[in-house]
Amino acid sequence: STGTNTNIGITGKGSGKVKLGDGNLLFPDADGSANQYIKTDGSANLAFATLPTGGSLVYLGEVTASASATVELESLISSTYNNYMIQVMTVHPASSNTTLMMRTSTNNGSAYRSTGDYYYHTTNLESSSASYVATAAYNGTSILISPPVGIAAATSNMSGYFMLTNVYATHRLVIHGTVTGEGDGSQAHGVGHVGGGSHYAEAVNALQFFMSSGNMDTGTFRIYGIAES
């Protein structure tokens, strides 16, 4: 390009596209529509895409437990979304009468808050007595997510979902949702409703899950971002 204040045009030869950088990022050779953005497929291929509409769930990734003391959702939370949904899928604890717990991190999982940093209230409907059992904590070391799984049998597990709001904002993290714990493979031991959050107004960027005792033999944790516009 010659002259003053002129653009530089780069094109591929023939039908070829443009590759840039050490990662050989392959750029599209035609413009997209108005208000679209460029996304990657994780294999260096870039393309134009339309932003999700408000309220849409955008799948971001998942982590699977395998005889795990803890499971971490890291590098999946960012300022792109302020609200998230976590799907708990057939988490099977190695020990009986255990509950699912959660902690947060602000440094991508280098450390998780664990010293009186949370408050929550859970209400569990236990099938054995058809009565409600409430558990609450203020200045807790973690957030209780689920009712207990009564029997650590191969068919016993817990599943459900919960929402995280104000994850990446200057407000306190808020959590609410429902997780069911299975007692013996055929009877629901408890249906738990949880509400709570963090004492701190900070940008959370990683989550850690663990059982109140023992490991998680199996289970999957999926995370979705909730588009706002």
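In this text the structure is predicted, and so the values were computed from the model without any measurement. Quick note: numbers below take in every heavy atom, side chains included, and nothing from hydrogens, waters or symmetry partners.
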>> To the nearest 0.5 Å, what is the distance between OH on Tyr37 and CZ on Phe48?
In response: 12.0 Å
> With Tyr81, which of Leu60, Ile223, Leu164 fulfils side-chain contact (heavy atoms from CB on, under 4.5 Å)?
Replying inline: Leu60
> Below 4.5 Å, heavy atoms only, C-beta onward: do Ile143 and Met101 meet side chain to side chain?
Replying inline: no
> Do Asn83 side-chain atoms and Ile226 backbone N/O form a donor-acceptor pair below 3.5 Å?
Replying inline: no
> After noting the C-alpha distance and the side-chain angles of Val63 and Thr220, does the key distance pass the side-chain contact (heavy atoms from CB on, under 4.5 Å) rule?
Replying inline: CA-CA 6 Å; Val63 178; Thr220 300; over 6 Å; no
> Can you get from Tyr138 to Tyr120 by hopping between Ile, Leu, Val, Met, Phe, Trp and Tyr side chains that sit under 4.5 Å apart?
Replying inline: no
> Given the rule in the side-chain contact (heavy atoms from CB on, under 4.5 Å) test, do Arg222 and Val88 qualify, once you have shown the distances and angles that lead to the verdict?
Replying inline: CA-CA 7 Å; Arg222 288 181 176 172; Val88 180; over 6 Å; no
> Does Tyr161 OH have over 12 foreign heavy atoms under 6.0 Å away?
Replying inline: no
>> Rounded at 0.5 Å granularity, tell me how far CZ in Phe210 sits from OG in Ser142.
In response: 4.0 Å
> Taking the side chain as C-beta and beyond, is there a heavy-atom pair between Val91 and Ser159 under 4.5 Å?
Replying inline: no
> Between the main-chain N or O of His92 and the side-chain N or O of Asp217, is there a donor-acceptor pair closer than 3.5 Å?
Replying inline: no
>> My understanding is that only residues two or more places apart in sequence, or in another chain, count here; which of them pass ring-ring contact (aromatic ring centres under 6.0 Å, His included) with Tyr119?
In response: His199
>> So, using side chain to side chain contact (heavy atoms under 4.5 Å, CB included) as the criterion, who are the partners of Ala111 when residues are at least two apart?
In response: Asn107
> Any donor-acceptor pair under 3.5 Å linking the side chain of Asp41 with the backbone of Ser43?
Replying inline: yes
> For the hydrophobic clusters of this structure (ILVMFWY residues joined by side-chain heavy atoms under 4.5 Å, transitively), does one cluster hold both Met163 and Leu173?
Replying inline: no
>> Holding to ring-ring contact (aromatic ring centres under 6.0 Å, His included), I want the full list of residues that pass it with Tyr118, two or more places apart in sequence or in another chain.
In response: none
> Rounded to the nearest 0.5 Å, what separation is found between the OG1 atom of Thr122 and the CG atom of Leu144?
Replying inline: 5.0 Å
>> If I take atom CE from residue Met89 and atom OG1 from residue Thr64, how far apart are they, to the nearest 0.5 angstrom?
In response: 9.0 Å
>> Tell me whether Arg103 contacts the main-chain N or O of Thr141 through its side chain, where contact means a donor paired with an acceptor under 3.5 Å.
In response: yes
> For the side chain of Ser212 and the backbone of Thr99, is there at least one donor-acceptor N/O pair under 3.5 Å apart?
Replying inline: yes
>> When you compare the side chain of Val167 with that of Thr165, does any pair of heavy atoms fall below 4.5 Å?
In response: no
> Are Ile86 and Met158 connected in a single hydrophobic cluster, I mean Ile/Leu/Val/Met/Phe/Trp/Tyr linked by side-chain heavy atoms less than 4.5 Å apart?
Replying inline: yes
>> Quick one, Tyr224 with Tyr84, criterion ring pair (Phe, Tyr, Trp, His ring centres under 6.0 Å). Give me CA distance, side-chain angles, the key distance, then yes/no.
In response: CA-CA 6 Å; Tyr224 301 82; Tyr84 293 81; over 10 Å; no
> Any salt bridge (Lys or Arg N to Asp or Glu O under 4.0 Å) pairs touching residues 191-209, not counting sequence neighbours?
Replying inline: Arg113-Glu202
>> Please list all pairs meeting side chain to side chain donor-acceptor pair (under 3.5 Å) that have one or both residues in residues 12-31, counting only residues at least two apart or in different chains.
In response: none
> Among side-chain atoms of His193 and Thr123, is any donor-acceptor pair under 3.5 angstrom?
Replying inline: no
> About how many Å separate CG of Asn166 and NE2 of His171, when rounded to the nearest 0.5 Å?
Replying inline: 5.5 Å
> Looking at Gly109 and Ala206, what are the two nearest heavy atoms and their distance?
Replying inline: N-CB, 3.7 Å
> Do any N or O atoms from the side chain of Ser198 and from the backbone of Tyr200 form a donor-acceptor pair under 3.5 angstrom?
Replying inline: yes
> If two hydrophobic side chains count as joined below 4.5 Å and joins carry through other members, does Ile10 share a cluster with Ile38?
Replying inline: yes
>> Please evaluate residues Thr104 and Thr106 with respect to the criterion side-chain contact (heavy atoms from CB on, under 4.5 Å), reporting the C-alpha separation (whole Å), side-chain torsions for both, the decisive distance (0.1 Å), and the verdict.
In response: CA-CA 7 Å; Thr104 64; Thr106 60; 5.9 Å; no
> Is there a side-chain contact between Pro28 and Leu46 (heavy atoms, below 4.5 Å)?
Replying inline: yes
>> Under 4.5 Å between side-chain heavy atoms, counting indirect links through other Ile/Leu/Val/Met/Phe/Trp/Tyr residues: same cluster for Val204 and Phe162 or not?
In response: yes
> Quick one: OG on Ser95 to CG on Asn215, what's the gap to the nearest 0.5 Å?
Replying inline: 7.5 Å
> Any side-chain heavy atom of His121 sitting closer than 4.5 Å to one from Thr135?
Replying inline: no
Donor-acceptor list for residues 69-78 side chains, cut-off 3.5 Å, not counting sequence neighbours:
unit_1, atom_1, unit_2, atom_2, d
Thr70, OG1, Glu72, OE2, 2.6
Glu72, OE2, Gln208, NE2, 3.0
Glu74, OE2, Tyr112, OH, 2.7
Ser78, OG, Thr80, N, 3.3
Ser78, OG, Thr80, OG1, 3.2

> Any donor and acceptor pair, going by atom type alone, linking the side chain of Ser66 with main-chain N or O of Thr218 inside 3.5 Å?
Replying inline: no
